[in-house]
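Comments concern the structure below.
For clarity, every value in this text was computed on a predicted model and none was experimentally measured. Proteins come first, then strands; the chains are lettered A, B, ... in the order of their sequence lines, and each starts at number 1.
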Amino acid sequence: MIINGKKKIWSDYQKEIPDDHYFYVRSCIRQNFFPASEKLFLEIVRDRLNLDFYETEHHTTCGGIAYHSDTIPQETVMTIVARQFALMSEAGYKNYVASCITSFGLYTEILDTWYHYPELEAKIKENLWKTTRREFNKPEYLAHASDVVYKLRDKIASQAKYKLVNKDTGKPLKVVEHIGCHYSKMFPSKGVGGAEYPYVLTGMIESWGGEIVDYPERRHCCGFGFRQYMIRANRGYSLSNTYKKFESMEPFHPDMIITNCPGCPYFLDRWQYVIKEMEGKTYGKEGQGIPVFTYEEVAGLVLGYDPWYLGLQMHQIDVEPLLDKIGIKYSKTDKYLL
Amino acid sequence: MNKEVLIIGGGPAGLECASTLLMFGYKVFIVEKGSELGGHLRKWDRLFPESISASETLERLLIPSKKAIVFDETEVSSVKLKDGFFDIILSDNTELHVHSVVVATGFKLFPAEKKEEYGYGVYNRVITNADLEASFKNNSRDILQSKRVGFVHCVGSRDEKISNRHCSKVCCVTAVKQACEFKEANPDAEIYCFYMDLRMFGRGYEDLYLKAQNKYGIRFIRGRVSEVAENVDGELVIKAEDTLISRPLKVTLDLLVLMSGMSKNPDNDQLADMLGLDIAEDGFFVQHDPTINSIKSKIKGIFFAGTVTGPKTIPETLNEARSAALAVHKYLSE
Amino acid sequence: MKERFLFGYDPFVLPFTLGMVFIILYLLVGTARIIISLTHEEQISLLKSLKPKQLFKTIKDVITDCLLHIKIFKRNPLLGYMHFSIAFGWFMLIVVGHIEVMLYTPQRNGILYYPVFFRYFVMETQQTLRGAFFFFLMDLFLLMVLSGIALAIFKRFRSRALGMRRTTKLKIGDTFALYSLWAIFPLRLLAESFTADISGGSFLTKSINHLVHGFVSNPDNALPIWWCYSIALGVFLFALPFSRYMHIPTEILLIFLRNAGIKATSFRNGYAEAEIYSCSRCGICIDACPMGVNLGDIKFSTVYTIRLLRKRENALEGAEKCLMCNKCVEVCPVGINSTQLKLLYRQSFNDTGDHDFSYLSPQNIKHNKEKILYYAGCMTHLAPAIYLSLFKILKKAGIEYNFMDADGSICCGRPLMLSGDFKGASQLIDKNKDIILNSGCTTLLLSCPICYKVFREEYNLQGIEVVHHSVYINDLLNSGKIKVDRVHESFVFHDPCELGRGSNIYNEPRELLSSIGTLKNSPEEKGESICCGGSLGSLTMQYERRKRITEHSLSMLYTNNPDTLVTACPLCLKTFSPVNSKRTVDIAQVVSEHLI
Amino acid sequence: MNNFGYSISPSSRIDLDKRDNDKFTRIVLLEPGFRKCMACGLCSSTCSGANFTDVSLRRAIEMIQDGQEKSAIVLLKGCMLCGKCNIICPRGINTRNLIRNILKVYMEELQ
């Protein structure tokens, strides 16, 4: 692996990311899978780094899952998104940040479609007015929550209590980073580092002391795949993709997996259990499996939050072995008492 | 007073055009951006289809053009057309007053790192055809000892996504030539060629293809390579499809050679503005009359020679250079 | 004549006698073994063939083949004389020798060695006309054999003079027998000349006696020569079973078996064993074999393959490369059906029948009786001009036909059979047979000789006339159903192996062509026609070598430079046309182009 | 093992590293023309068997080169060895010899 070859590619895809005054929109499903992530994101940016992140309870789903599962047409989903932008303009913000990758991909796609077909934008403007009597204007800058954390990674590192380093061997932890496909595969220029070697999570890992693992199936789908897992008949197909990824990363013996999307951590985490049940195969050391985190959870760990406060007990794969590796203190007894 | 001609570009096209013009008795200037004459030919080891020596070929081009006045490491800064003359100012601000200009700035090898999924510049065992030619030239054992080798055709050609829709014409036959040469250098190498269409159009090319299959046992897989990755031992994992039985396939290789195609010379745009010529969508100069008179430009007195107007083999380039010289001679004797 | 020694015995006779006893026992055991390994019916038909009428024919065959070597005479008189002189001369020496013993020393009748060394054991008391006559006969036949031996030695060094480009490379067993055979008769001459003054002789032995009288006069000089003579005979007899000359006794047995109608069913035992041992390795088949044009393949000619079979070594490479064109069988003076042996040998390896022909569901085709059923075969689909011309002729003759395999044929089975896979072939044969029999046709017309041969020999379609299109068109012409105009175009006809040698059809195509234009012949045609090179018989031959055979065959066909090359087989047509710069056509095309 | 009503579908991807190389070299020795095949499809289109069922030498050769012997054998079991492909092959490959040897070499292990 020639590192500066990668650095050269990353340099082609740097995008400037404002670090303040954002209108924050939550994901519909991330809170059920990883409860603390979004709350932690707001806590870090607002309390720790006292930045202005506004959030309103009136915003809805972005309609992404319905759109990708072909249950609603594009114009309907555009109108929903237009309403979100309307809430943003009403709140007086210009930078829009989405917590979910699918939303980020959807917003980028819609903005790009409007760019090429302004007449469609005008039609949606009219739809929104007819249905909600609201008007909207497009955000000046669209970011994903991981872009923001990437931008603030060094600030977080400066306040960090722990490092992604194995406290016994002193070697950096081997971390697999998995980027949600809708982050940069559809619009490479919109992702930090492009589509082939996105740098948004790598940047965080490196600044927090870890070392990334580059395995052959790193860009393969995590197995979420929308309409695959919904229908039981297809669910095996979704599972097989995750299986292929784990088979490919196994020889590298990664310590943990970090993702920036709602579905990937959930499936990479849950399918390990199903694979163990169906095939009797596990991938971590001594059958413990590889723990899967969202970047917010890792930021929380590094900053020293109590693991159970971060809701890590909701994970399928136990995180304790990793915590011991990093040396994070936690109480064994009140794992489920908090 | 013999008339003066400026040739922009000191590659095979420029040199051959110069030697022919010298033969006609013109005074010839050659402006070469690089430090040495010969262009890409200087980097090659052997040329298809009979693997003749590239350096000898270069010598045979350099000698007759020795009397041309060469400005190396210089470029054209400005051109003014004034009643049949061209006032040229070079980057070392010498001034030339010539009667005709021949544009022979050639091509640029497609930068293979642009195809990120192939990992050129990221994986150490991924090289390009130019690198392999260099390895043959200085016999670098490390490369030539690789056991399992793959050649990827159409890198940077026939690819909408990097706006190179054209076929670069010479990479198929170069890949087969290099594959045979590799097998000769390392007889127990296992060699695969991943192709979409094998365009062995020239004379003697099909025999080379047959020899590659029959004598050297090189395996041709019809399917373009989609991704390259490194496995835990640093070997390359290649993903493609065998489209002849429509089954995806993967293979682990020790060396991957990317056949970079011929793409436009980036200086063309600036040069085109100076000369008042147009650039086609594929980045090569627009020929005034591509069928009858492929060396003519739309401006009287300016002519083209070689790969500046699109991919060509070296024999074709030399022929075009000579016909450009003839056209200059005809133009200047009107 | 009077006996010189009391007991009529001397130790020097021992080598010969032992040799003789050995070879007689060997032959008895061998013959018994072969006859035992025959099937019951074969043994009965062998017995039946001993009835006088058939026995007379067999004896006539033995004389013409084994003694006179008529077949070799036809090929090359000098070569024929060489074989004839040695065989016939030696036979007469033995016969006359026995007569002399019966006349002059009856008491020694039945002693094995006595007639051979008669001249040593007797003394000429008075010269009688009868004695002189016998001496003259003996010297005459001895001279005849010596002339044959001289020719044989000469052939070994300059075989071309006797019409043979190449002769067989000899193995150790052969060289021993060969040199001892060459030594026997000169030694006999010397021996008999030495004792000529005592026991008499004729023009040959007497004159040599006078020549070397000084040396000969002292009697104990004669004995060593007689010793050498006996040893030479002994060595020859002991080496016989391991040499090519085993062919002398075995061919007689072979002729008996053949005339009894017995055929080879295994590649090594029974009738095949007789064939293998009666191969004299004369090498005539080497020149005949078309493969010889590629020097590397000469080692696969029939003589060497049979030698490998005889030594029970692996002969598969040669057996699978052979074109199975039957030219070696045609020219073989002993008439060994080596192609059949090779086919049976292939069968022992390849008869797996491991195919999946379940997809061949029996299609029953609508066919009414008056119409003839035409079967094109796989290869003809690659040369549609053949069946289109054929249909034009049939229409002209007002004959209705039904094109059985119009949309793709079930293969006739012969290519699979030629590869040795009889089980696989029979599956195809059954499928085709169902279709043909269900169709109720009375005539099955074929344009491919390969199909024609298997339909005729393996399908046994009772009541259905199987006919090749060259014969059928010729009949149409003779019966006036079609007329052709005469042109002064010259043709040469290439006899496809499976039509000529394979099915004995030589004249009809020639009649047909002579009625249209002038037919030119080629140096090697009819039974000796050279295979086109494309033969399905060869399983392993590569294209470059086939092409050289095609070029050689073409050069022969064009010796009298005809305008057009005509053949009657789609495979020959497809093999010749790309290589032949001039026009190659099927016989049906010639006729259809000149119909009036 | 537990069954949840769906299963992991095995990868359909061919792995060229797992090809049985010594059988492959044996075939090349038995029929050197094997490597000259340029997959032009003339043999499979003229095939007598192909009129009735799925026989294709072109695909079989490609499969053998990819190490998919079992599916290659299925494609050749219907071959009647009639020789049309032999005549028509533009590269002069002895296709009959090739088919015969593929079946022989790869069927050995099945017996």
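The environment of OH in A:Y237 is sparse: at most 12 heavy-atom neighbours from other residues, nucleotides or ligands sit within 6.0 Å.
Residues satisfying the side chain to side chain donor-acceptor pair (under 3.5 Å) test with A:Q288, not counting sequence neighbours, are none.
Here the CD1 atom belonging to D:I8 is positioned 5.0 Å from the CE atom belonging to A:M278, to the nearest 0.5 angstrom. The structure places OH of A:Y243 at 10.5 Å from OG of D:S9, a figure rounded to the nearest 0.5 Å.
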Go through the steps to decide whether D:R13 and A:E217 satisfy the test salt bridge (charged side-chain N to carboxylate O under 4.0 Å, His left out), and finish with yes or no. CA-CA 14 Å; D:R13 181 185 296 161; A:E217 299 301 346; 3.5 Å; yes
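Within residues 174-198 of chain A, no residue approaches chain D closer than 4.5 Å by heavy atoms.
In plain terms, the two heavy atoms of A:R232 and D:F4 that are nearest each other are NH1-O, 2.9 Å.
Residue A:E279 touches chain D through both its backbone and its side chain, counting heavy-atom pairs closer than 4.5 Å.
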